[in-house]
Amino acid sequence: MDRRAMLRATVVGAGAVALPFTAWSAAYGAPAQNAAGPYGGLQPADANGIQLPAGFTSSIVARSRQTVPGTTYTWHDAPDGGAVFPNGTGWIYVSNSEVAASAGGGASRLVFNSSGAVVGASRILSGTNNNCAGGKTPWNTWLSCEEVSLGRVFETYPLGGSSVVRPAMGRFKHEAAAADPVRRVIYLTEDETDGKFYRFVPTTWGDLSAGTLQVFRAGSATSGTFTWATVPDPDGSPTPTRRQVSGAKTFNGGEGCHYADDTVWFTTKGDNRVWQVNLAAGTYELAYDDNLVSPGAAPLTGVDNITGSTAGDLYVAEDGGNMEICMITPDDKISVFLRSTGQSGSEITGPAFTPAGDRLYFSSQRGTTGSSSGGITYCVTGPFRR
């Protein structure tokens, strides 16, 4: 058997204890399989080079090294992870810059009014390195994560305030973060081939200045039960955090992370997987594996940033692949939602919905040029399921 056939047989064999589910928070479901998307097939590329289902439209809201229309602010290079924050009658889209501090780094924001027009833009974090992904907190701050050895987490304030480094959250090659208000923890991914999956337990919820860093412990299988163990030295020096706890489960290149309804999902780019951790049940499993897709070819490769809609659909962006954002629905179906054409040297980053769920923002990190100076940030509107 090749790897794809072997993995499929393993999952089918385990299917005796797996039940289809109708909500993300249910206990077990099979890895997502190909199906027609809920919005239909993609239409020809629009004027921005974006292929979308009928009824959806795209617009460009910012370009790297160009002044954001309606402002005097120059948009940053290599836009990466992002999130949307309510702001009175409008909202704010925050975006990281995945370049060195000497080239800008940090994060910026776009301010929108109630009609979706840009009315402001500014820097919210400077002097940091390779800010890749991150996560939004329930108290409306943005955790901007450095994807470098001994990288740090910076808490930034899109609604106003000065950024603060949060060393208690560990120093490692950070990728994404996701807040769990039920268990009052922050989940963290690590972009290493032998990376780990972490959670930070603040001493006081809402204050990330102190707390305990823990690591996910489980067996070598793709499903089962898990526990958490405390990382003795979150500073990660001289021993990296990922090597401090025996039995910590290894994940190949942790990327995006998203929490909703007692479930946290995270992606691993090294094996093109989406992992699903059922927090109430204390179990984990695969929500997607490109080697387990049937029938036909796997639509999602180069898995990266991930977000969720108000309807419970997951949207997973590609780093490479066909430059797509794919949808995984709660009934375990996967399809292509959009495709960016003419940008094969780039990656899709920062997908995030407005609070109303009727707009999706995302970026092409290097645009048509293949350079960090060519980044493009888009907005998609249309009849999203809500």
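Nothing here was measured: the structure is a model prediction, and the numbers come from that model. The residues of the chain are indexed from 1 along the displayed sequence.
Side chain of Asn129 to main chain of Ala101: a donor-acceptor pair is present (N/O by atom type, distance under 3.5 Å, no hydrogens or angles). At least one donor-acceptor pair under 3.5 Å links the side chain of Thr267 to the backbone N or O of Gly256. Listed for the Gln33 side chain is a donor-acceptor partner under 3.5 Å among the backbone atoms of Leu292. At least one donor-acceptor pair under 3.5 Å links the side chain of Thr369 to the backbone N or O of Ser371. Not a single donor-acceptor pair under 3.5 Å links the side chain of Gln51 to the backbone N or O of Gly49. A donor-acceptor pair under 3.5 Å is formed between the side chain of Asn96 and the backbone N or O of Cys132. Distance alone, capped at 3.5 Å, is enough to place a donor-acceptor pair between the Gln244 side chain and the Thr239 backbone. The main-chain N or O of Ala280 is never found under 3.5 Å from a side-chain atom of Asn278 such that the two would form a donor-acceptor pair.
In this structure, Phe362 has its ring center at least 6.0 angstrom away from the ring center of Tyr315. Ring to ring, Tyr361 and Tyr378 are not that close: their centroids are 6.0 angstrom or more apart.
Phe200 is connected to Val215 through a chain of hydrophobic side-chain contacts under 4.5 Å among Ile, Leu, Val, Met, Phe, Trp and Tyr, so both are in one cluster. At a threshold of 4.5 Å between side-chain heavy atoms, the hydrophobic network of Ile, Leu, Val, Met, Phe, Trp and Tyr places Trp91 and Val68 in one connected group.
Closest of all the heavy-atom pairs between Ala179 and Thr137 is CB-CA, 4.3 Å. Contact record, Ser58 with Leu52: N-CD1, 3.8 Å, taken as the closest heavy-atom pair. Residues Pro383 and Gly55 share a closest heavy-atom pair of CD-O, 3.4 Å. In this structure, Asn322 and Arg339 approach most closely via the heavy-atom pair O-CG, 3.3 Å. Taking each heavy atom of Tyr284 and Ala218 in turn, the nearest pair found is CE2-CB, 3.6 Å. Heavy atoms only, all atoms of each residue included: Leu208 and Ala168 are closest at O-CB, 4.5 Å.
At least one cation-pi condition fails for Lys196 and Tyr198: the charged atom is not both under 6.0 angstrom from the six-membered ring centre and inside a 45 degree cone around its axis. Both tests pass for Lys136 against the ring of Phe85: distance under 6.0 Å to the centre and angle within 45° of the axis.
Between Ile124 and Ser163, every side-chain heavy-atom pair lies at or beyond the 4.5 Å cut-off. Side chains of Ser64 and Pro79 form a contact here, defined as non-hydrogen atoms less than 4.5 Å apart. Under the 4.5 Å side-chain criterion, counting only non-hydrogen atoms from C-beta, Asn131 is not in contact with Ser97. Residues Met327 and Tyr39 are in side-chain contact: their nearest non-hydrogen atoms beyond the backbone lie under 4.5 Å apart. You'll find the side chain of Arg359 stays beyond 4.5 Å of the side chain of Phe384, heavy atoms only. In this structure, the side chains of Leu286 and Ser223 stay at 4.5 Å or more apart for every pair of heavy atoms.
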(request) Start with the C-alpha gap between Asn113 and Ser115, add the side-chain angles, then the distance that decides, and say whether side chain to side chain donor-acceptor pair (under 3.5 Å) holds. (result) CA-CA 5 Å; Asn113 64 17; Ser115 64; 2.8 Å; yes

(message) For a side chain to side chain donor-acceptor pair (under 3.5 Å) check, start with the C-alpha distance between Ser108 and Tyr73, then their side-chain angles and the critical distance, and finish with the verdict.
(response) CA-CA 10 Å; Ser108 302; Tyr73 184 71; 2.6 Å; yes

(request) Evaluate side chain to side chain donor-acceptor pair (under 3.5 Å) for Thr225 paired with Thr283, printing each intermediate quantity in order. (result) CA-CA 4 Å; Thr225 60; Thr283 59; over 6 Å; no

(request) Show the numbers, then the answer: is there a salt bridge (Lys or Arg N to Asp or Glu O under 4.0 Å) between Arg199 and Asp180? (result) CA-CA 10 Å; Arg199 73 175 186 180; Asp180 176 350; over 6 Å; no

(request) For side chain to side chain donor-acceptor pair (under 3.5 Å), just list the numbers for Thr230 and Thr212, CA-CA rounded to whole Å, side-chain angles, deciding distance to a tenth of an Å, and then say yes or no. (result) CA-CA 7 Å; Thr230 297; Thr212 303; 5.7 Å; no

(request) Check the pair Phe226 / Phe197 against ring-ring contact (aromatic ring centres under 6.0 Å, His included), numbers first and verdict last. (result) CA-CA 11 Å; Phe226 66 90; Phe197 184 57; 8.7 Å; no

(request) Run the numbers on Phe266 and Tyr187 for ring-ring contact (aromatic ring centres under 6.0 Å, His included), then give the verdict. (result) CA-CA 9 Å; Phe266 63 95; Tyr187 303 104; 9.2 Å; no

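Contact check on Lys173 versus Glu190 returns no salt bridge, with no Lys/Arg side-chain nitrogen under 4.0 Å from an Asp/Glu carboxylate oxygen. Salt bridge Arg273/Asp271: present, at least one basic N to carboxylate O contact under 4.0 Å. Electrostatic pairing of Asp319 and Lys269 does not count as a salt bridge here, judged by no charged N lying under 4.0 Å from a carboxylate O.
Inspection of the Asp261 and Thr263 side chains reveals no N or O donor paired with an N or O acceptor under 3.5 Å.
Evaluated for a side-chain hydrogen bond (donor to acceptor under 3.5 Å, both in side chains) with Gln365, the options Thr377, Asp304, Asp80 yield exactly one hit, Asp80. With Arg171 as the partner, the side-chain contact (heavy atoms from CB on, under 4.5 Å) test is satisfied by one option alone out of Thr241, Val153, Asp235: Asp235.
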